[in-house]
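Input: a single structure, listed below in structure tokens.
Residue numbers start from 1 in every chain, and the chains themselves are labelled A, B, ... in the order their sequence lines are given, proteins ahead of strands.
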Number of protein chains: 2
Amino acid sequence: MKVKDTLTYLKAHDIKPSAQRLAIMNYLLTHSNHPTVEVIYQALSTKMPTLSRTTVYNTLKLFVGHGASLSLTIDDQQQSFDGDTSLHAHFLCTRCGKIYDLPMDDSFKNQLGKTVEGHIVTELHQYYKGVCATCIKNEIKSLK
Amino acid sequence: MKVKDTLTYLKAHDIKPSAQRLAIMNYLLTHSNHPTVEVIYQALSTKMPTLSRTTVYNTLKLFVGHGASLSLTIDDQQQSFDGDTSLHAHFLCTRCGKIYDLPMDDSFKNQLGKTVEGHIVTELHQYYKGVCATCIKNEIKSLK
DNA sequence: AAACAACTTTGTAATGGTTACAATGTTGGA
DNA sequence: TCCAACATTGTAACCATTACAAAGTTGTTT
Ligand SMILES: [Mn+2]
Ligand SMILES: [Mn+2]
Ligand SMILES: [Zn+2]
Ligand SMILES: [Zn+2]
């Protein structure tokens, strides 16, 4: 992912570019780690020392408002963000805290934009919780 | 729902009863409003003036740990709770903040306890967001 | 180029939900 | 009754998020 592409992506979502917005959007588009504000701030503040946490908060809120990124509330402690705005599900490992992408059920997907029991559906979220493959492997190793 | 039933319910989940636990569990079992800690505290503190917010927090955490209630993270500001632990989906109205119950997709339900892409699934959540039927009606009224 | 208005970023302070903790109260068995 | 384990309470601390005002940036007009 080039900076040029990120610029195009921002413009496509009616977001006026700035150095900070490009950096944050570029981070989201090149990392599939579903980062928190703090993770993004730590990752970027080395290259951009004047960056403020408030800017990260404001910018992410702007992105979400313009449909350029998703806000996940799967963890009750911290909000996390996703540069992949396609309809997909998430798996939260309760051991290591990592969030994985999973496909979303088609029957659920189909309800976007429809009416369900009189309510208009504008957003869909599907969350799995459990123990991830990596943590299962580590668990088995430690038993040997 | 009688207090006797609530007592039975707590015992069935290996929770030692107390006046506070009975009151909170009884509130959850007789209200389908997906209350926050504050809502429960306000509702019960009139009848039980010494009740502490901390007790509500501790007790709900205990309930969730014993599978006697569910914790919902659909709203990013406040945790809400559900005395109905059956598998079902939730609809959050972004206008009025109410949370409604909806059926959960069967294909999604079936994945509980299974392994998905190597991850063990122990919990499932399906969230809809949008505008509820009541808010739609009010919107229409105000246009006339 | 200077002036200006609109917009953006920044740092700090405030907010508010949640948790930690120590003191107090309660319960049930020896 | 005594005692130990457990539960509740109120306060303080914590920490993610938001509010706010000052400082910086950008693009436009003259
Ligand atoms: Mn994702
Ligand atoms: Mn429910
Ligand atoms: Zn894991
Ligand atoms: Zn509504």
Side-chain angles (χ1 to χ4, degrees), chain A residues 6-7 10-11 13-27 34-66 68-81 92 97 99, chain B residues 6-7 10-11 13-27 34-66 68-82 92 94 97 99:
Chain A
T6 305
L7 185 64
L10 285 184
K11 286 180 179 173
H13 287 87
D14 274 316
I15 295 165
K16 285 205 273 185
S18 73
Q20 290 83 351
R21 291 174 180 179
L22 280 167
I24 295 170
M25 193 73 247
N26 192 63
Y27 182 91
H34 306 92
T36 61
V37 164
E38 192 58 26
V39 167
I40 296 173
Y41 174 75
Q42 292 300 337
L44 299 181
S45 60
T46 53
K47 297 290 173 76
M48 196 179 257
T50 67
L51 182 67
S52 149
R53 246 173 278 258
T54 301
T55 299
V56 181
Y57 275 105
N58 290 341
T59 302
L60 288 168
K61 183 172 289 186
L62 181 79
F63 289 173
V64 172
H66 285 245
S69 65
L70 291 181
S71 163
L72 307 182
T73 57
I74 185 169
D75 185 357
D76 51 345
Q77 301 302 320
Q78 251 175 318
Q79 219 177 342
S80 57
F81 295 88
L92 171 68
I99 297 173
Chain B
T6 304
L7 185 64
L10 285 183
K11 285 181 178 172
H13 288 87
D14 274 316
I15 296 165
K16 285 204 272 185
S18 72
Q20 290 83 351
R21 291 174 181 179
L22 280 168
I24 296 170
M25 193 73 247
N26 192 63
Y27 182 91
H34 306 93
T36 61
V37 163
E38 192 59 26
V39 167
I40 297 173
Y41 174 74
Q42 292 301 335
L44 298 182
S45 59
T46 52
K47 297 292 174 74
M48 195 179 256
T50 67
L51 182 67
S52 149
R53 248 173 275 258
T54 301
T55 299
V56 180
Y57 276 104
N58 290 342
T59 303
L60 288 169
K61 183 172 289 188
L62 181 79
F63 289 173
V64 172
H66 285 245
S69 64
L70 291 181
S71 164
L72 307 182
T73 58
I74 185 171
D75 185 356
D76 49 346
Q77 301 302 318
Q78 251 175 318
Q79 221 176 340
S80 58
F81 296 87
D82 198 338
L92 172 67
T94 54
I99 298 173

Pairwise distance CD1(B:Ile40) to OH(B:Tyr57) - rounded to 0.5 angstrom = 10.5 Å
ask   = Hey, is the side chain of B:Ser18 poking within less than 4.0 Å of OP1 or OP2 on D:dT8, counting only N and O atoms?
value = yes
key: Under 3.5 Å donor-acceptor, A:Thr55 side chain and A:Leu51 backbone   = no
ask   = For nucleotides 9-25 of chain D, read 5' to 3', which letter fits each nucleotide if B means a protein heavy atom sits under 4.0 Å from the base, S means only the sugar-phosphate is that close, and - means neither?
value = BBB----SBBBB-----
ask   = B:Leu60 has an atom CG; how far is it from atom C1' of C:dT19, in whole Å?
value = 14 Å
inquiry  = Expressed as a whole number of angstroms, how long is the span from A:Leu22:CG to D:dT26:P?
reply    = 12 Å
Nearest-0.5 Å distance, CG of residue B:Leu22 to CD1 of residue B:Ile15 = 10.5 Å
key: Those residues that, when tested against B:Asp82, pass side chain to side chain donor-acceptor pair (under 3.5 Å) (two or more places apart)   = B:His34, B:His88, B:His90
message = Working to the nearest 0.5 angstrom, can you tell me the gap between B:Phe63 CZ and B:Leu10 CG?
response = 5.0 Å
